[in-house]
Amino acid sequence: MKSNVAVATTIQERKRKMSQQIQEKYEESHLYKIRHSAAHVMAQAVLEMFPEAKYTIGPPVENGFYYDFDLPRNLTPEDLEKIEKRMRQIVQGKHEFKKTVLSAEEAKKIFADQPYKIELIEGLEQGGFDEYGNPLKEKPEISIYQHDSFTDLCRGPHVESTKEIKPDAFKLMNVAGAYWRGDENNKMLQRIYGTAWENAQQLKDYLHQLEEAKKRDHRKLGKELEIFIFDDEVGPGLPLWLPNGGIIIEELEKLAKEMEEKAGYQRVRTPVVSKEDLFLHSGHLPYYAESMYPPMELEGVKYYVKPMNCPMHHKIFGSKLRSYRDLPIRLAEYGTCYRYEKSGELFGLMRVRSMQMNDAHMYVTEEQFEQEFLAVIDLYLKYFDLFGIEKYVMRFSKHSKAGLGKKYVDNERLWNKTEEMVRRAMINGDVPFVEVEDEAAFYGPKIDVQIWSVIGREFSLATNQVDFAQPARFDLKYTNKDGQEEMPLCIHRAPLSTHERMVGFLLEHYAGNFPVWLSPEQVRVIPITDGQNEYAEKITAQLRENGIRCHADLSAQRMNAKIRSAQLMKVPYMLVVGDNEMKAGQVSLRARDGSQQNNIPLGDFIARARDRIARRAAEL
RNA sequence: GCCGACGUAGCUCAAUCGGCAGAGCACCCGCCUUGUAAGCGGGCGGUUACGAGUUCGAUUCUCGUCGUCGGCUCCA
């Protein structure tokens, strides 16, 4: 504990580097002011269109801004065009932004017919809450900003005048529903999203970047590369893995098994359904029922499809007497789980209803916890290194006091204790992380690894969770040195996420250009004329003999067309064989990146491919 | 689940004002024997997501259901 203070400082510095600094820098930037000001201009245009509109909040966000309105009717795409047009007129008026600090009373007078603003003012007045409803430490000053005919409750900052918002450097993107204060029990407002930049070129670049991102969207690539499909009759969120997807999954499992075997895991297998009793016992039903498929009833007994593997693994741990000498016990399973995610939450492979988790549960003594927890983090980092994943944030998800007994098991002492254990482990391991309230699992705190899909949506990829609740509920125990019974802690972990989310993420991460070891088809042999078909088949057989996934393209197409189709399927190696190659027992290699190496002995190519596959190398 | 948009051949997309549903690719059949991203010709392919309604007539207009997408909420 004594050295933690020094380490914590380092961590804090790194943390700030990772996110806070970026955040603070953005908030002070000119771009931030432009976006914030553009939001005000948009609100003015909307209020001119709907004088009876109630306006709420309109902050800058990454790449732009939004503003939420309570309007008499739904906005149409045509409305957006009109609003955008009016905004261009307004900004060209070169109106100054003027700040005025005033009392709550004065502010309430100004916004007398704006109930949302009144609510915001009251929040500020009580020193309690900011515009998102989050608690504030200090009582903030109340200020308004005015430009042209528009006045908004706002703490700023803004640009000097609307002339800094270039009429050709912003664009309204879309309308979406959003709950007031983000609470689904509140009224749904209409949110207009816009993007704004310093100049027209930046806007153009951003829009181009969006187009590019669409090309590597895993839903598009998954279809093009024949990885997976969804079928209406099978159901939403239930992917069907095509042969190519099946291969990727097999490779990921092979990787996981290798790594886990080295790390001392044991593999188990458990059923997909179980009696209701198990989930009552585990505590899932009181806390998690909403996300579970409803039960099926047979001969008077209710059965549930499992949303998680943990209760089954706990049963295995509890199936015999355990000694402290046996711990840690690490039970691993690529378990198939089903969760009834709400229809609007589904998102390609990234958010599905059937999933195969890279799951494991380790049962540890309190003394073993830190080392074991860090060993898991270390495993993550090994995987990320292998995949070249660099953009992620480790998020330490904690409970909230208000959620105790509702979202979280009601034992504040253990929450605080285990959260401190996680924090200490991360600090001692010198792993950078950010802390977030009210994001924990119902049974304990966790470290989530946050990543972003190519269109910018945030997901938890891997997860490393502490569970102090279920071991108690299942009465799990081991015998310690003194012959007394003690309860182990449980660590849930899924460094390779689920197959679904992992493959979805990797598709986007690699833009479909999987490294050789993950590529469904590693080699395509392309005979130039049908005179080399037999040779092509011979080569194919030989490659397969060497454990290389390979097909020969014997279609009646031109070589150029064959190359094109292999290229479109992002096959890493194309072996072009004509008469010359056939006579010499050679191949001409064209790699996916367009590079060429002509007339190389087949054995040389096999050695190269085998090397890349064995090392799971990134390079071709 | 909520707000909004969308749903045409296996895929990508057309179809003017409500007037016989079309193209490219893919697939099948031929011809061509070819050197690093599409050779040529022909053929097959549709209850316009599904179900109602309005109309002489609906891919087109209205309503409902299902699904997808953009967000919100929620999450591996």
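Below, all heavy atoms of this structure are taken into account, side chains as well, without hydrogens, waters or symmetry copies. Below, chain A is the first sequence line, B the second, and so on; all start at residue 1.
Contact between A:Lys215 and A:Lys220 at its shortest, heavy atoms only, is CA-CE, 3.9 Å. Taking both residues in full, the closest heavy atoms of A:Pro307 and A:Arg339 are given as O-NE, 2.8 Å, listed atom of the first, atom of the second, then distance.
Each of B:A76, B:U33, B:A37 was ranked by its minimum atom distance to the side chain of A:Thr463; first place goes to B:A76. The listed nucleotides are B:G1, B:G39, B:G35; the one nearest the side chain of A:Arg558 is B:G39. Minimum atom distance to the side chain of A:Glu345 is reached by B:U73, of the listed B:G39, B:A76, B:U73. If you check B:A76, B:G1, B:U36 against the side chain of A:Arg590, the one that comes closest is B:U36. Residue A:Gln557 has its side chain nearest to B:A26 when only B:G67, B:A26, B:A37 are considered. If you check B:A76, B:A37, B:U73 against the side chain of A:Asn560, the one that comes closest is B:A37. Residue A:Arg501 has its side chain nearest to B:A76 when only B:G1, B:A76, B:A26 are considered. Across B:U73, B:C3, B:A76, the shortest atom-to-atom separation from the side chain of A:Met188 is found for B:C3. With B:U68, B:G35, B:A37 as the candidates, the nucleotide lying closest to the side chain of A:Ile528 is B:G35. Among B:C74, B:G1, B:A37, the nucleotide with an atom closest to any side-chain atom of A:Arg351 is B:C74.
Side-chain N or O atoms of A:Arg330 include none that pairs as donor or acceptor with a backbone N or O of A:Met362 at under 3.5 Å. Panel note: side chain A:Glu260, backbone A:Lys257; no donor-acceptor pair is recorded below 3.5 Å.
Here B:A76 presents its P atom at 12 Å from CG of A:Leu461, a figure rounded to the nearest Å. Put simply, CE on A:Met582 is 14 Å from C1' on B:U34, counting in whole angstrom units. For A:Met292 and B:C75, the CE to C1' distance is 16 Å, given to the nearest whole Å. Atom-to-atom, OH of A:Tyr443 to P of B:C75 comes out at 12 Å; the value is rounded to the nearest Å. A:Leu238 has its CG atom 15 Å from the C1' atom of B:U68, to the nearest Å. Nucleotide B:C75 holds its P atom 9 Å from the CG atom of A:Asp438, rounded to whole Å. Atoms CE (A:Met559) and P (B:A38) sit 9 Å apart, rounded to a whole Å. Spacing between atom CE of A:Met173 and atom C1' of B:G70 amounts to 11 Å, rounded to whole angstrom units.
Along RNA chain B, the nucleotide nearest to A:Gln596 and the one nearest to A:Tyr193 differ in position, and the one closer to the 5' end is contacted by A:Gln596. Across the interface with RNA chain B, nearest-nucleotide mapping of A:Leu75 and A:Tyr340 shows A:Tyr340 to be the residue nearer the 5′ end.
Pairing of B:U16, defined by two Watson-Crick or G-U wobble distances under 3.5 Å, is not identified with any nucleotide. Here B:G39 sits opposite B:C31 as a Watson-Crick or G-U wobble pair (both hydrogen-bonding atom distances under 3.5 Å). Using Watson-Crick or G-U wobble geometry with both donor-acceptor distances under 3.5 Å, B:A5 finds its partner in B:U68. Pairing for B:U55 is absent, with no Watson-Crick or G-U wobble pair whose two atom distances lie under 3.5 Å. Base pairing of B:C25 is made with B:G10, judged by Watson-Crick or G-U wobble geometry with both donor-acceptor distances under 3.5 Å.
Figure legend: cation-pi geometry between A:Lys398 and A:Trp415 absent, as NZ or CZ is not positioned both under 6.0 Å from the six-membered ring centre and within 45° of its axis. Remark: A:Arg191 is positioned above the aromatic ring of A:Tyr66, its terminal NZ or CZ atom under 6.0 angstrom from the ring centre and at most 45 degrees off the axis.
Within 4.0 Å (heavy atoms only), A:Lys446 reaches sugar-phosphate atoms of the nucleic acid but no base atom. Residue A:Phe230 is out of contact with every strand shown, counting any heavy-atom pair closer than 4.0 Å. When heavy atoms are screened at a 4.0 angstrom cut-off, A:Lys223 is found touching the sugar-phosphate backbone but no base atom. A:Gly531 comes within 4.0 angstrom of nothing in the nucleic acid, heavy atoms only. Within 4.0 Å of A:Ala178, counting heavy atoms only, lie sugar-phosphate atoms of the nucleic acid but no base atom. Within the 4.0 angstrom heavy-atom criterion, base atoms lie near A:Asp579. Here A:Asp359 lies out of heavy-atom contact (under 4.0 Å) with every strand. Residue A:Asp530 is in base contact, counting any heavy-atom pair closer than 4.0 Å across all strands shown. Residue contacts for A:Ser588: at a heavy-atom cut-off of 4.0 Å it reaches a base atom on one of the strands shown. Among the atoms of the strands shown, base atoms are found under 4.0 Å from some heavy atom of A:Arg339. Among the protein residues, A:Asn358 comes within range of no part of the nucleic acid, since none of its heavy atoms lies under 4.0 Å from any strand. If you check every strand for non-hydrogen atoms under 4.0 Å, A:Ala494 touches nothing.
Looking at A:Thr498, its side chain comes within 3.5 Å of the base of B:A76 through a donor and an acceptor atom. A donor-acceptor contact under 3.5 angstrom links the side-chain atoms of A:Glu341 to the base of B:A76. Put simply, the side chain of A:Glu581 and the base of B:G35 share a donor and an acceptor less than 3.5 Å apart.
The gap from the C1' atom of B:G22 to that of B:U8 amounts to 10 Å, rounded to the nearest Å. The P atoms of B:A5 and B:A9 are separated by 23 Å, rounded to the nearest whole Å. With P as the reference atom, B:G67 and B:A49 are 16 Å apart, rounded to whole Å. Separation of the P atoms belonging to B:C6 and B:U60 is 13 Å when rounded to the nearest angstrom. Annotation: B:C25 and B:G43 have their C1' atoms spaced 16 Å apart (nearest Å). Comparing B:U68 with B:C63, their P atoms sit 22 Å apart, to the nearest whole Å. Atom P of B:G4 sits at a distance of 45 Å from the matching atom of B:C44, rounded to the whole Å.
Of the side-chain N and O atoms in A:Ser343, one or more sit less than 4.0 angstrom from OP1 or OP2 of B:G1. Taking side-chain N and O atoms only, A:Arg395 has no distance below 4.0 Å to OP1 or OP2 of B:C75. Of the side-chain N and O atoms in A:Lys562, none sit less than 4.0 angstrom from OP1 or OP2 of B:U34. For B:C3, the OP1/OP2 oxygens have no side-chain nitrogen or oxygen of A:Arg191 closer than 4.0 Å.
Ion pairing between A:Arg73 and A:Asp79 holds under the 4.0 Å rule for side-chain N and carboxylate O. A salt bridge does not link A:Lys570 to A:Glu224: none of the charged nitrogens lies less than 4.0 Å from a carboxylate oxygen.
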(request) Begin with the C-alpha distance, continue with both residues' side-chain angles, and end with the deciding distance and a verdict on side-chain contact (heavy atoms from CB on, under 4.5 Å) for A:Val576 and A:Ile528. (result) CA-CA 7 Å; A:Val576 177; A:Ile528 292 176; 3.8 Å; yes
(message) salt bridge (charged side-chain N to carboxylate O under 4.0 Å, His left out) for A:Lys407 and A:Asp438? Distances and angles first, verdict last.
(response) CA-CA 9 Å; A:Lys407 279 170 80 174; A:Asp438 201 20; 3.1 Å; yes
